[in-house]
Visitor: 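Right, I'll just put the structure down here and ask away after.
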Amino acid sequence: MELSAKYNPSEVEDKWYAYWLKNKCFHSEPDNREPYTIVIPPPNVTGILHMGHVLNNTLNDVLVRKARMDGKNACWVPGTDHASIATESKVVAKLKAQGISKEDLTREEFLKYAWEWKEEHGGIILQQLRKLGASCDWDRTKFTMEPALSDAVIATFVHFYRKGMIYRGVRMVNWDPVALTAISDDEVIHKDTQSHFYHLRYFISDGAGNPTDKYLVIATTRPETIMADAAICVNPADERYHWLRGKKVLIPLINREIPVIEDDYVEMDFGTGCLKVTPAHDAHDYEIGLRHHLPVMDIIDDHGCLNEQAQILVGEDRFVARKKIVTMLEEAGNLEKVEAYTSPVGYSERTDAVIEPKLSSQWFLKMEEMAKEALDCVESGRIKFIPDKYRNIYRYWMENVRDWCISRQLWWGQRIPAWYLPDGRVVVEETAEKALEAAQRLDPSVMAADLHQDEDVLDTWFSSWLWPISVFDAQRPGHPEHKPNRDLSYYYPTNDLVTGPDIIFFWVARMIMAGGEFMGDVPFRNVYFTGIVRDKLGRKMSKTLGNSPDPLDLIAKYGADAVRLGMLLCSSAGNDILYDESQVEQGRNFCGKIWNSWRLISGWNVDKDAQQPLVALTAVKWFDNLLSRTIETVEDCYAKFRINDALMTIYKLFWDDFCSWYLELVKPAYGQAIDAVTYEATTLFFEKLIKLIHPVMPFITEELWQHMEERKPGETIMFERTPVAGPYDAAFLADFERTREAIINVRGIRAQKQIAPKEALELYVDGDFPAELRPVLCKAANVSAVHDGEADGTAVSFIVGTLRMSIPLGGFVNADEERAKLQADLAYQQKFLAGVRAKLGNANFVAHAPEAVVAGERKKEADALSRIAALEESLKSLG
RNA sequence: GGGCGCAUAGCUCAGUCGGUUCAGAGCAUCUGCCUUACAAGCAGAGGGUCGGCGGUUCGAAUCCGUCUGCGCCCACCA
């Protein structure tokens with residue numbers, strides 16, 4: 001079968017992906033081989049593929065394909081995450097566009113819409129991953145909210161509750177007034193925000209609720225919250241304010257009387273040294289309020305608007321209210337001054353709304369004990385982070401862990417399995433039936449209708465942290481007595497996790513905790529942290545900037561292999577990736593190179609009787625040695641997770657060594673056949689090369705491997721073995737390097753002197769040059785003969801190592817120019833020699849430096865001397 | 001504000017224990033080639049005071065100090 005002149009990725013990719021699926025090449029079942037397991041970082045069920053996914057999943061796929069070719073039973077489990085906030089807000093937005101408000105729907109109605117949306121859009125991303133070539137075991141696809149996995153989540157809640165690790169409490173939480181839910185501290189992003197510092201006068205009360213003419217001044221960024229003030233606080237050491245002791249002041253506009261209190265928390269030199277204490281709307285103020293038994297008055301509703309408690313500006317949005325109240329304060333004579341002020345403000349990661357500190361009742365999971373163990377997993381080296389620097393960040397997190405707020409005021413997610421009795425008591429059970437039984441044990445008169453289930457759902461990460469366990473055996477989490485099934489026993493712990501450092505605590509740390517809690521073992525052994533994909537200007541890729549290409553467009557344009565290669569070329573672990581389309585072009589070009597090299601080889605006619613030329617004999621020997629050495633390097637790179645180095649090593653081996661050198665050396669003259677020995681060796685090399693590249697470029701390698709010879713049905717390069725390194729002769733490889741240098745020198749001289757490549761030259765070598773490499777020199781440099789000794793008459797010379805080589809060029813040589821060049825070279829060598837000798841003349845150096853280093857310097861000295869001698873001879877022969 | 005990390009060629013990055021001709025790679029650039037696998041290519045070439053300053057050492061891109069410029073994590077002085 002003829003190979004088309006150009007590689008056509010789209011045809012080839014669809015064909016082989018379908019072939020792999022049909023032959024269940026990605027499917028894994030436990031057997032007696034060593035397992036290699038990866039669970040996908042589950043993308044949001046409603047997500048679509050972006051460049052970050054491409055990077056992550058390409059890395060995963062490379063690792064899993066490599067392991068498969070290493071003979072392991074490789075299993076990559078795919079799936080999606082229900083992503084409660086993200087998905088729910090998308091559904092809410094979609095309903096809003098249809099004129100439906102969430103608040104008009106019952107929970108059941110809303111969930112029906114949400115599931116419809118999930119069925120419609122869910123898993124698009126998994127289809128897209130197929131285009132990338134991801135070799136996931138699709139038969140094992142999981143969803144964090146499918147029944148079995150949801151049951152696991154509920155069971156773990158009950159488990160922790162019974163262990164006394166889950167509790168319910170009123171806490172100051174981060175309220176997102178757009179998503180209408182509390183979010184965890186980690187989902188809050190602090191951004192420096194331009195605002196104002198309002199200096200307000202609070203007049204001292206005369207004791208009967210009337211203002212005197214004395215006042216104090218407080219500075220606040222949130223004047224709209226003054227109606228919720230419970231006190232004014234000063235530092236007890238602040239003598240400026242001792243006269244205020246025991247006094248009461250009046251809140252401006254509403255004239256409510258509040259006490260002046262003293263607390264160390266207040267910084268004397270910040271603002272005016274007077275702090276208004278607003279327990280309901282500030283976490284620190286809440287703490288102060290607890291210490292001083294202050295009343296809590298909540299004046300902001302769930303949407304961020306002032307409520308009746310505020311007395312004024314009721315119903316106004318907090319930011320509108322801020323503007324209005326400033327005017328009112330000014331008119332009332334309470335505004336002293338306004339300063340421009342920049343301070344960090346918390347924003348919701350999801351909705352970008354300004355977070356409102358809010359008191360509410362939430363469920364928490366105690367973290368301290370689990371965090372200790374999880375820290376130890378990493379500190380002890382049972383889990384390795386790549387790169388290592390993330391251990392520091394991880395340690396910080398684990399040592400400063402706070403209890404995890406696991407409840408969310410949403411509907412999309414696993415509903416908290418807590419039921420309240422009419423008297424307020426609570427029972428926590430896996431099902432409503434069990435809850436009723438439990439409730440009746442407390443109070444036999446309770447009926448099913450009397451029980452009310454908690455309205456909240458659980459944080460998405462409360463299901464994600466079970467992922468490496470629940471994808472294999474959803475029975476196990478929460479039921480330590482359940483014996484792990486066959487899959488879980490075989491595949492757990494997984495081997496490698498590839499993910500972004502931004503979820504090191506959200507996900508990585510918590511999986512480690514869940515692993516310890518439910519399996520007594522780590523969930524994975526290595527965590528490879530990728531960087532963020534940025535554009536070439538260093539900007540984060542984002543929809544709004546429009547600087548993020550659609551991966552599917554790229555795949556359509558350049559092919560999946562090209563996209564994969566382009567992505568990996570610039571990805572060292574942990575560094576951000578500056579992506580540019582030119583990298584994908586480079587990938588495409590490499591595909592073209594591979595393709596064309598096989599076109600060349602497969603086009604050769606083989607002559608069974610032909611004898612192998614000497615040059616081919618040497619070339620085969622060389623490439624065989626080089627291949628072994630390179631495979632060793634590549635294996636070392638993989639072992640250290642230096643995937644881009646492994647790739648670059650193979651890339652150069654293929655392009656430079658195989659195509660530019662090896663093939664050019666063995667290539668028969670035009671119209672001539674190639675001998676069978678060389679041909680066999682060449683196809684074997686080619687096959688090994690494409691096997692080496694297959695984990696990175698699965699499609700083109702499969703296409704060519706299938707093209708090389710008739711394969712049996714179902715056969716695939718995927719299950720071929722990674723080529724192994726044999727012994728190699730390093731000295732011979734070094735000799736070949738010198739030969740290459742000589743060839744490059746000759747070519748350089750041709751270029752300089754404008755001598756056509758077709759015109760054969762003669763070469764003189766003054767010294768010992770291996771005979772077996774002479775044919776290589778002749779063919780690659782178009783040298784008709786290699787003579788020993790030195791050229792007669794005018795010649796151009798050069799030095800390789802310590803060998804002097806010269807080419808007699810007669811009329812082509814400008815003796816003055818050559819002399820000048822030689823003299824410059826000579827001067828350099830003499831300076832070099834002087835430097836080396838200065839070192840060797842230093843008694844301290846000879847005394848302190850290791851012997852090998854001193855010997856090295858002596859070698860340098862000897863080499864420099866012989867080069868100087870050679871240059872002087874060349875100068876002499878120039879006359 | 002605290003902590004961690006980074007700074008090497010035009011760009012993106014390697015550089016292991018301080019010592020081997022150590023100053024490297026890929027891309028980009030320049031020059032010459034439509035040579036019968038490939039112009040998405042071939043051959044050749046140029047390009048860096050290793051961020052600045054100081055120190056340790058026989059010897060520093062590498063270790064220490066400091067300054068400058070970036071990045072990340074943490075942190076609600078209202």
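Just so it is clear: chains get the letters A, B, ... in the order the sequence lines come, proteins before strands, and each one is counted from 1.
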Visitor: Within the structure shown, what part of the strands sits under 4.0 Å from A/Q586 by heavy-atom distance: base, sugar-phosphate, or nothing?
Guide: sugar-phosphate
Visitor: Reckon A/G273 touches a base, only the sugar-phosphate, or nothing at all at heavy-atom distances under 4.0 Å?
Guide: base
Visitor: Where each pair must be Watson-Crick or G-U wobble with both distances under 3.5 Å, what dot-bracket representation of RNA chain B is obtained, with crossing pairs in [ ] and other-strand partners as |?
Guide: (((((((..((((.....[....)))).(((((.......))))).....(((((..]....))))))))))))....
Visitor: Is it the case that the side chain of A/R322 and the backbone of A/E224 share a donor-acceptor pair, with hydrogens and angles ignored and the cut-off at 3.5 Å?
Guide: no
Visitor: How far does CD1 of A/I690 sit from NE2 of A/H707, to the nearest 0.5 angstrom?
Guide: 11.5 Å
Visitor: Pick the C1' atom in B/C58 and in B/A43, then give their distance to the nearest Å.
Guide: 45 Å
Visitor: Measure the spacing between CG of A/D535 and CD of A/E581 and express it to the nearest 0.5 Å.
Guide: 12.5 Å
Visitor: In whole Å, measure the gap between the C1' atoms of B/U31 and B/A23 for me.
Guide: 25 Å
Visitor: Quickly work out the A/E581 CD to B/A40 P distance and round it to whole Å.
Guide: 16 Å
Visitor: A/Y662 and ring-ring contact (aromatic ring centres under 6.0 Å, His included): which partner among A/F685, A/F654, A/F686?
Guide: A/F685
Visitor: Between B/C76, B/A78, B/A37, which nucleotide has the shortest distance from any of its atoms to the side chain of A/K667?
Guide: B/A37
Visitor: Just by protein heavy atoms under 4.0 Å, how would nucleotides 9-19 of chain B read 5' to 3' in B, S and -?
Guide: ---SSSS---B
Visitor: Measuring from the side chain of A/R534 (C-beta onward, heavy atoms only), which nucleotide among B/A78, B/C72, B/C42 has the closest atom?
Guide: B/C72
Visitor: About how many Å separate CZ of A/R588 and OH of A/Y7, when rounded to the nearest 0.5 Å?
Guide: 13.0 Å
Visitor: Rounded off to whole Å, could you give me the CG-to-C1' distance for the A/D657 and B/G26 pair?
Guide: 14 Å
Visitor: Is any side-chain heavy atom of A/K337 closer than 4.5 Å to a side-chain heavy atom of A/F197?
Guide: no
Visitor: Looking at B/A43, I'd like to know if its phosphate oxygens (OP1 or OP2) sit under 4.0 Å from a side-chain N or O belonging to A/S660.
Guide: yes
Visitor: Do A/V266 and A/Y241 come within less than 4.5 Å of each other through their side chains, counting heavy atoms only?
Guide: no
Visitor: Do NZ/NE/NH1/NH2 and the carboxylate oxygens of A/E664 and A/K667 come within less than 4.0 Å?
Guide: yes
Visitor: Measure CD1/A/I749 against P/B/U31 and give the value in whole Å, please.
Guide: 22 Å
Visitor: Please report the distance separating the C1' of B/C27 from the corresponding atom of B/A9, rounded so that it comes out in whole Å.
Guide: 12 Å
Visitor: Mind listing the residues from residues 587-601 of chain A sitting with a heavy atom below 4.0 Å of RNA chain B? Number order is fine.
Guide: A/R588, A/N589, A/K593, A/N596, A/S597, A/R599, A/L600
Visitor: With the side chain counted from C-beta on, respond yes when A/L568 and A/N644 share a heavy-atom pair under 4.5 Å apart, and no when they do not.
Guide: no
Visitor: Going by an N to O cut-off under 4.0 Å, is there a salt bridge joining A/R222 and A/E356?
Guide: yes
Visitor: Check every strand shown and say whether A/V266 touches a base, only sugar-phosphate, or nothing at a heavy-atom separation below 4.0 Å.
Guide: base
Visitor: A side-chain contact here means heavy atoms from C-beta on lying under 4.5 Å apart; do A/D561 and A/F590 qualify?
Guide: no
Visitor: Backbone N or O of A/S348 within a donor-acceptor pair of the A/D176 side chain at under 3.5 Å?
Guide: no
Visitor: Using atom NZ of A/K753 as one end and atom P of B/A43 as the other, report the distance to the nearest whole Å.
Guide: 22 Å
Visitor: Determine the Euclidean distance between corresponding C1' atoms of B/U20 and B/C64; express it in Å to zero decimal places.
Guide: 27 Å
Visitor: How far, in whole Å, is B/A28 from B/A40 if one measures between their P atoms?
Guide: 12 Å
Visitor: Regarding A/Y341, tell me which of base, sugar-phosphate or nothing describes its non-hydrogen contacts under 4.0 Å with the strands shown.
Guide: sugar-phosphate
Visitor: Output the residues of residues 278-285 of chain A in contact with RNA chain B, where contact means a heavy atom of the residue under 4.0 Å from an atom of the strand; sort by number or write none.
Guide: A/D282, A/A283, A/H284
Visitor: Quick one: are A/E379 and A/R391 in side-chain contact, heavy atoms under 4.5 Å?
Guide: yes
Visitor: Does A/K652 place a side-chain N or O at less than 4.0 Å from the phosphate oxygens OP1/OP2 of B/G26?
Guide: no
Visitor: RNA chain B: A/A852 or A/T221, which has the more 5' nearest nucleotide?
Guide: A/A852
Visitor: Are the charged groups of A/D825 and A/K821 less than 4.0 angstrom apart, N to O?
Guide: no
Visitor: Can you figure out which of B/A78, B/A43, B/A37 approaches the side chain of A/C659 most closely?
Guide: B/A37
Visitor: Return the value, rounded to whole Å, for the distance between atom OH of A/Y265 and atom P of B/A78.
Guide: 7 Å
Visitor: Roughly how far, to the nearest 0.5 Å, is the CD1 atom of A/I251 from the CG atom of A/L200?
Guide: 11.5 Å
Visitor: Please enumerate all protein N or O atoms sitting under 3.5 Å from an N or O of nucleotides 3-8 of chain B, with distances to 0.1 Å.
Guide:
none

Visitor: Roughly how far apart, to the nearest Å, are B/G5 and B/G10 at atom C1'?
Guide: 26 Å
Visitor: Among B/G26, B/G44, B/C58, find the nucleotide with the atom closest to the side chain of A/N842.
Guide: B/C58
Visitor: With rounding to whole Å, what would you report as the distance between B/U57 and B/C77 at their P atoms?
Guide: 46 Å
Visitor: Taking side chain as C-beta onward, heavy atoms only, is A/D657 less than 4.5 Å from A/R740?
Guide: yes
Visitor: How many Å lie between CZ on A/R402 and P on B/C73, as a whole number?
Guide: 16 Å
Visitor: Would a 4.5 Å heavy-atom cut-off, applied to side chains only, mark A/F658 and A/L653 as touching?
Guide: no
Visitor: Provide the full list of side-chain hydrogen bond (donor to acceptor under 3.5 Å, both in side chains) pairs with a residue in residues 269-278 of chain A, sequence neighbours left out, each pair given once.
Guide: A/T225-A/K276, A/D229-A/K276, A/D229-A/T278, A/K276-A/T278
Visitor: Please classify the nucleic acid contact of A/R740 as base, sugar-phosphate, or nothing, using heavy-atom distances under 4.0 Å.
Guide: nothing
Visitor: Say we look at B/C6 and B/C50: how far apart would their C1' atoms be, to the nearest angstrom?
Guide: 14 Å
Visitor: Between A/F529 (CZ) and B/G71 (P), how many Å, whole number?
Guide: 22 Å
Visitor: Under 4.0 Å between any heavy atoms, over every strand shown, what does A/E399 touch: base, sugar-phosphate, or nothing? Just pick one.
Guide: nothing
Visitor: At under 4.0 Å, does any side-chain N or O of A/W655 touch on OP1 or OP2 of B/C42?
Guide: yes
Visitor: Do the side-chain N or O atoms of A/Y394 get closer than 4.0 angstrom to the phosphate oxygens (OP1, OP2) of B/C73?
Guide: no
Visitor: Hey, does A/D352 have a side-chain heavy atom less than 4.5 Å from the side chain of A/K191?
Guide: yes
Visitor: Between B/G26 atom P and A/E585 atom CD, what is the distance in whole Å?
Guide: 18 Å
